[in-house]
Protein chains: 2
Amino acid sequence: MRDVAEHAGVSVRTVSNVVSGYPHVSATTRERVQRSLDELGYRMDFLAKGLRSGRTGFVALAVPFLAEPYFAELAQAVIGAAARRGITVLVESTAGDSEVERKILSGGLTNVADGVLFSALTLPAADVGSAVPDFPLVMLGEHSVGDHLPRVGIDNVAAARTAVAHLLDQGCRRVVALGRNASENGRQRTEGYRQAMAEAKVRRVNWFEVPVDDWTRAEGYAAVAELLEGDGPLPDGVFAFNDALAVGALRALDASGVRVPEDVAVAAIDDIQEAAYTHPPLTSVAPDLDAIAERALDLLEEQGRHKADDDDPAPVPGRQEATPFRLVVRASSQHRPAAG
Amino acid sequence: MRDVAEHAGVSVRTVSNVVSGYPHVSATTRERVQRSLDELGYRMDFLAKGLRSGRTGFVALAVPFLAEPYFAELAQAVIGAAARRGITVLVESTAGDSEVERKILSGGLTNVADGVLFSALTLPAADVGSAVPDFPLVMLGEHSVGDHLPRVGIDNVAAARTAVAHLLDQGCRRVVALGRNASENGRQRTEGYRQAMAEAKVRRVNWFEVPVDDWTRAEGYAAVAELLEGDGPLPDGVFAFNDALAVGALRALDASGVRVPEDVAVAAIDDIQEAAYTHPPLTSVAPDLDAIAERALDLLEEQGRHKADDDDPAPVPGRQEATPFRLVVRASSQHRPAAG
DNA sequence: GTGATCGTTTGCAACGATGCAAGAGCCAGT
DNA sequence: ACTGGCTCTTGCATCGTTGCAAACGATCAC
């Protein structure tokens, strides 16, 4: 920038004014500086700008596994929403490592990012306690830290209830819930399953919850394969807590010759792109990822503004925003067996 | 850091020495500073460090669509490899917008990242010409800019040839190549297909190339659906240029009641995780993503060092690194129809 | 003609860290 | 006792940019 100033015969400050669009710059000067800018191929140094102004224009997004379709699609949505606001996204993958997650929550990304969007899996709740971070932070999806942290995501209980109610509507009598684990997400979707089963007055003997460790295709496959090998009564419906589990379940059912949806109907949550191409296509609850991304960025900006205004106001009440979702019905759940 | 220095009763420079592990610091001082560090919850400012030292510890990864499984898995591999080196990855999604791609190549990410890994789809070859960027850059996969830019990826011709040869080995007589488009990648995989067909002395009448725009499930589905509706002779093998196309193809075949692999064998390239869970599981060529990520980062660091050494040496000859791949055979290609 | 006002431009300091080289204190060797 | 060499510590300048407020010149009203 110094070079540009010299080349244009003005002060560095004036160059800065031109670059940052300061209104009180004469047209002739602006043009001359602009020419020098182009000629010398000037590129702004983000670091210096960030250092001086305290804002970097970056937002960090931390997800457990970027290679999981759901998180990849979420990341894509966040990147798109951020791009519309002129914000760049820094994507971090925690690999479900609670050490990494703890570092992020304790501010490991501060002053490189203006804010952090955090989709936590195994959250080190104990370590975090009720401490409020000293930087803009919005949680995506459920977490177990407490409601003092702002959060954006679908209502998991309602989403699960919707999926299970749909299966019951289709005539299922014995619906298995596949996917309970240690996560808060797992707890809530289990709750939704139970509510739907209770509401439909399904007899307790037909309730069945299959636990897993992770919500992956492999675990879904293994769990259902084991279920089919067992000597218990077979289910006529499977509610998988996410699409990856459902994909694994479908594969296991297919491998065992169980027909979907004739023998077993399947529904899940996430509606990843893959869901439209499974065998058969998968019924799934679709969260509005764009809405999640937009709302999350709104909340981040809001926190950023509050920080700037006062010194330390009540740092934004932990708002819990529920974004819309809808049930996408595909072939995997469309059967109507004879009542029984 | 100033606060810490004051609190510990030393100069800021000494604090810096402790933080950066400078050896000549007495044990007592080090300990005292460390205590103040912890007590005040000091966190290093990456921006200031980067501004002063000229290195940020960031590497940018630009991919067309993060939501595409292949790129998501690639990103995960890069993030993992970078983490092992203490490098943080900044993921950018170009959305196949050549405007964005041009910006990246002209250095839009410089001085925020020490280097750029670029997986280009539609590359604005004309705009770039043979200009060598003034920052460390490594291309991932094929591109059409020319060989003056270093590149890491599998040998696409060989990979395609391997997949097609496998289908022919399985007894296929009429193999369709699905996926030719304007990309360099498409050109090369087409070339591999032709080589394999020629090598096996397949009669020209049985060669068939189906073009698409993008390598997505939707396009794969549409292309195969159209093929099945047509009145031409049906193929007994489909070679899809990537797994997404294959997934779409499998769905279309399934929907039309065509049996895989009995009627049509299918193979593709990428071996995304989803490939193991399709109906039936998909035979695919698996690139070694970890190797790609590691080599790419190696080349970046090498370029970084060269930059540091001299002023402007021949900026690293455009090395073209071919990483290993292997064919993963699954059910989608395992048939042996009667010779015909 | 003179002072007030406005638009435009500028100098200085600062953001938080590190490179450099010099200063302070200590010990051993002569 | 003096010097050289060592370890440990420090001050100063600097990276590229922007906030702040003053300075500058010109126009305007009286």
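Below, read A as the first sequence line, B as the second, and so on, with proteins coming before strands; counting in each chain starts at 1. Heavy-atom basis, side chains included; hydrogens, waters and symmetry copies ignored.
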Quickly work out the [X] [atom1] to [N] [atom2] distance and round it to whole Å.
X	N	atom1	atom2	answer
A:Arg2	C:dT10	CZ	C1'	15 Å
B:Arg55	C:dG16	CZ	C1'	19 Å
A:Leu51	C:dG16	CG	C1'	6 Å
B:Tyr22	D:dT10	OH	C1'	11 Å
B:Glu6	C:dG16	CD	P	14 Å
B:His24	D:dT7	NE2	P	5 Å
B:Arg30	D:dT7	CZ	P	14 Å

Compare side-chain N and O positions of [X] against OP1 and OP2 of [N] and report whether any pair is under 4.0 Å apart.
X	N	value
B:Lys49	C:dT18	yes
B:Ser26	D:dT9	yes
A:Thr14	C:dT9	no

Examine distances only and state if a side-chain atom of A:Asp114 and a backbone atom of A:Thr56 form a donor-acceptor pair shorter than 3.5 Å.
yes

Counting C-beta onward and ignoring hydrogens, is there a side-chain heavy-atom pair between [X] and [Y] closer than 4.5 Å?
X	Y	result
A:Arg55	A:Lys49	no
A:Phe118	A:Val63	no
A:Arg32	A:Val10	yes
B:Leu299	B:Glu321	yes

Heavy atoms from C-beta onward define the side chain here; which of [options] lies closest to that of [X]?
X	options	result
B:Met44	C:dT9, C:dC15, C:dA17	C:dA17
B:Ser16	C:dT8, D:dT17, C:dT18	C:dT18
B:Asn17	D:dT9, D:dT17, C:dT9	D:dT9
B:Tyr42	D:dT17, C:dC15, C:dA17	C:dA17

How is B:Val10 classified with respect to the nucleic acid when contacts are heavy atoms under 4.0 Å: base, sugar-phosphate, or nothing?
sugar-phosphate

Taking the nucleotide of DNA chain D with the closest heavy atom to each, which residue, B:Ser53 or B:Arg32, is nearer the 5' end?
B:Arg32

On DNA chain C, nearest-nucleotide positions of A:Val12 versus A:Thr28: which is more 5'?
A:Thr28

Per the atom types in the model, does the base of C:dG19 pair as donor or acceptor with the side chain of B:Arg13 at under 3.5 Å?
yes

Please confirm whether any donor atom in the side chain of B:Arg52 sits under 3.5 Å from an acceptor in the base of D:dT14, or the reverse.
yes

